[in-house]
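Encoded as structure tokens, the structure appears first; notes follow it.
Whatever order the structure lists ligands and atoms in, that order sets their numbers, starting from 1.
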Amino acid sequence: MSMNADAPQTTYAARSVRVRVPATSANLGPGFDTLGIALAYGDDLTATTRAESGATVHVTGVGEGEVPTDASNLVVRSAAYVYEQLGRELPGLTLEAHNRIPHGRGMGSSGSAIVAGIMIAAGLLESDPESPLSLTEAQLLGFATALEGHPDNVAPALFGGLTIAWTTPEGPKFKKLMVHRGVAPLVLVPSFTMSTELARSLQPEQVPHEDAVFNVSRSALLIAALTQSPELLFESTEDRLHQNYRGAAMPGTRDLIAELRERGYPAVVSGAGPSVLVMSNGPQERLAAADFVAEHHPDWRVLTLAVDTKGATVEPIPAISSRVSQ
Ligand SMILES: Nc1ncnc2c1ncn2[C@@H]1O[C@H](COP(=O)(O)OP(=O)(O)OP(=O)(O)O)[C@@H](O)[C@H]1O
Ligand SMILES: N[C@@H](CCO)C(=O)O
């Protein structure tokens with residue numbers, strides 16, 4: 001870019017933040033729209049302010065050449081939403097996104113992208129030289145849930161661990177719990193995708209009362225299984241609220257879960273699918289499930305993952321100031 005030697009020059013002091021956001025698995029079987037865990041597998045982003053308005057996104061890894069690279073990108077839209085809600089204007093941004101979370105697979109990619117944008121906004125607001133502002137946990141969860149539509153992915157993406165999230169007239173709330181160290185997650189990722197919007201359209205408006213009671217008992221038990229008694233994982237991961245209704249739209253997922261459960265592995269649909277989550281009772285059970293899938297279903301990617309306990313993080317990093325024409 002050539003500079004006009006006659007134009008008055010000023011120094012633009014750019015600010016940069018780095019955000020890390022984990023993948024998540026929601027529902028966990030019976031806990032539809034309520035339970036979720038964060039997984040130690042995620043996206044890494046760096047956002048730098050610039051004098052020019054708008055946004056430019058450079059994506060490497062998942063979504064490269066597919067997701068928008070301008071202000072319509074979900075991460076940028078989410079950051080802009082926070083500024084707008086606070087009556088401020090998002091500065092011009094250059095974003096580097098190194099993505100690992102697969103899209104449309106039930107590992108919470110949209111929730112994590114939304115959380116990434118919100119954390120970028122939070123980091124930039126906190127370091128605002130003129131009017132610094134710290135966002136509360138309630139604000140972070142409120143903004144993220146408003147954008148995602150339900151809180152079960154964004155709560156663990158923000159706060160890590162196992163989260164119970166619920167909505168109230170005052171906004172969404174959450175409780176974070178630490179997962180028992182005996183719980184060993186395995187995520188099985190197919191090559192096909194499922195849009196959450198489509199999966200949600202397959203849900204009935206009403207369910208039989210006995211199915212509601214069935215899920216209340218299993219989800220209450222699941223909290224005990226995940227925090228104290230992993231030997232209860234198989235029984236506590238049964239569900240009658242969502243998986244059956246969505247099964248016909250992802251028969252590969254439905255059939256793999258049936259095969260795994262027949263063999264005693266606590267397999268469930270991860271989020272809205274089509275990935276499968278196995279919350280194994282210990283590393284040996286997880287290894288056996290992984291070996292079974294590798295041998296009989298080699299087209300499914302096997303991810304042996306730990307639970308992420310921190311959730312999304314944001315930190316300021318030094319940015320290079322530039323000279324701009326006025
Ligand atoms: N890092 C990202 N950057 C930009 N857009 C993204 C990003 N991650 C996800 N998206 C958008 O979200 C869509 C996927 O969202 P969807 O809710 O259907 O699935 P998911 O979030 O991966 O799964 P689930 O909600 O079941 O866990 C992608 O097709 C893309 O449009
Ligand atoms: N609870 C959500 C998770 C996926 O975003 C669903 O199953 O539709």
Give me the residue, atom name and distance of the protein heavy atom closest to atom 23 (O) of ligand 1. G106 N, 3.3 Å
Within the side chain of H242, is there an N or O that forms a donor-acceptor pair under 3.5 Å with the backbone of G29? yes
Side chain to side chain donor-acceptor pair (under 3.5 Å) involving E96 - partner list, sequence neighbours excluded: none
If you look only at distance, which donor and acceptor atoms sit under 3.5 Å apart when one is on a side chain in residues 173-186 and the other is two or more places apart or in another chain?
| unit_1 | atom_1 | unit_2 | atom_2 | d |
| --- | --- | --- | --- | --- |
| K176 | NZ | F159 | O | 2.8 |
| K176 | NZ | T309 | O | 2.7 |
| H180 | ND1 | G182 | N | 2.8 |

For S195, the ligand 1 atoms whose distance to one of its heavy atoms is below 4.0 Å: 18 (O)
Per-atom filter on ligand 1: closer than 4.0 angstrom to a heavy atom of S109 are 8 (N), 9 (C), 14 (C), 20 (P), 21 (O), 22 (O)
Using the six-membered ring of F214, assess whether NZ or CZ of R240 lies under 6.0 Å from its centre and within 45 degrees of the ring axis. yes
Can you tell me if CD on E235 sees more than 12 non-hydrogen neighbours from other groups inside 6.0 Å? no
For atom 29 (O) of ligand 1, which candidate among H103, E148, M194 holds the nearest heavy atom? H103
Taking distance alone, with N or O pairs closer than 3.5 Å, would you say E197 contacts ligand 1? no
Taking only non-hydrogen atoms of G63, do any sit less than 4.0 angstrom from ligand 1? no
Co-membership, hydrophobic cluster, residues L133 and I118, 4.5 Å side-chain: yes
Are any non-hydrogen side-chain atoms of V268 and N27 less than 4.5 angstrom apart? no
Give one line per pair: atom of ligand 2, protein atom, distance. Only N/O to N/O under 3.5 Å.
| unit_1 | atom_1 | unit_2 | atom_2 | d |
| --- | --- | --- | --- | --- |
| ligand 2 | 1 (N) | N27 | OD1 | 2.9 |
| ligand 2 | 1 (N) | D33 | OD1 | 2.5 |
| ligand 2 | 1 (N) | D152 | OD2 | 2.6 |
| ligand 2 | 5 (O) | H150 | NE2 | 3.4 |
| ligand 2 | 5 (O) | N153 | OD1 | 3.0 |
| ligand 2 | 7 (O) | N27 | ND2 | 2.8 |
| ligand 2 | 7 (O) | R246 | NH1 | 2.9 |
| ligand 2 | 7 (O) | R246 | NH2 | 3.4 |
| ligand 2 | 8 (O) | R200 | NH1 | 2.6 |
| ligand 2 | 8 (O) | R246 | NH2 | 2.9 |

Judging by distance only, is a nitrogen or oxygen of G104 under 3.5 angstrom from one on ligand 1? yes
Is P91 close to Y83 at the side-chain level, that is, under 4.5 Å between some pair of heavy atoms? yes
Quick one: look at A113 and ligand 1, take heavy-atom pairs under 4.0 Å, and tell me if it's side chain, backbone, both or neither. side chain
Around atom NE2 of H296, are there more than 12 heavy atoms from other residues, nucleotides or ligands closer than 6.0 Å? yes
Ligand-side contact atoms (ligand 1) for residue partner G108, heavy atom cut-off under 4.0 Å: 21 (O), 23 (O), 24 (P), 27 (O)
NZ/NE/NH1/NH2 to OD/OE distance under 4.0 Å, R77 and D70: no
Which atoms of ligand 1 are found less than 4.0 Å from any heavy atom of T196? 16 (P), 17 (O), 18 (O), 19 (O), 23 (O), 24 (P), 25 (O), 26 (O)
Kindly identify the option in L45, L74, L95, N73 whose heavy atom sits closest to atom 10 (N) of ligand 1. L74
Can you see whether H297 engages E259 through a side-chain donor-acceptor pair at a distance of less than 3.5 angstrom? yes
What is the nearest protein non-hydrogen atom to atom 12 (O) of ligand 1, stated with its residue, atom name and distance? S110 CB, 3.6 Å
Under 4.0 Å from any heavy atom of A272, which atoms of ligand 1 are there? 26 (O)
State the atoms of ligand 1, each with its element, that fall below the 4.0 Å cut-off from a heavy-atom position in V67. 4 (C), 5 (N)
Checking contacts here: is it the side chain or the backbone of R105 that comes within 4.0 Å of ligand 1, counting heavy atoms only? Could be both or neither. backbone
Pairing donors with acceptors under 3.5 angstrom, does anything connect the side chains of R218 and S236? no
For residues 39-65, which residue pairs pass the salt bridge (Lys or Arg N to Asp or Glu O under 4.0 Å) check, not counting sequence neighbours? R20-D44
Could you see which bit of N99 sits under 4.0 Å from ligand 1, with heavy atoms only: side chain, backbone, both or neither? side chain
Atoms of ligand 1 less than 4.0 Å from M107 heavy atoms? 27 (O)
Got a donor-acceptor contact below 3.5 angstrom from the T168 side chain to the E170 backbone? yes
Whether the side chain of S112 engages the backbone of P22 through a donor-acceptor N/O pair (distance < 3.5 Å, no angle test) should be reported. yes
Would you say atom 31 (O) of ligand 1 has a protein heavy atom nearer than 4.0 Å? no
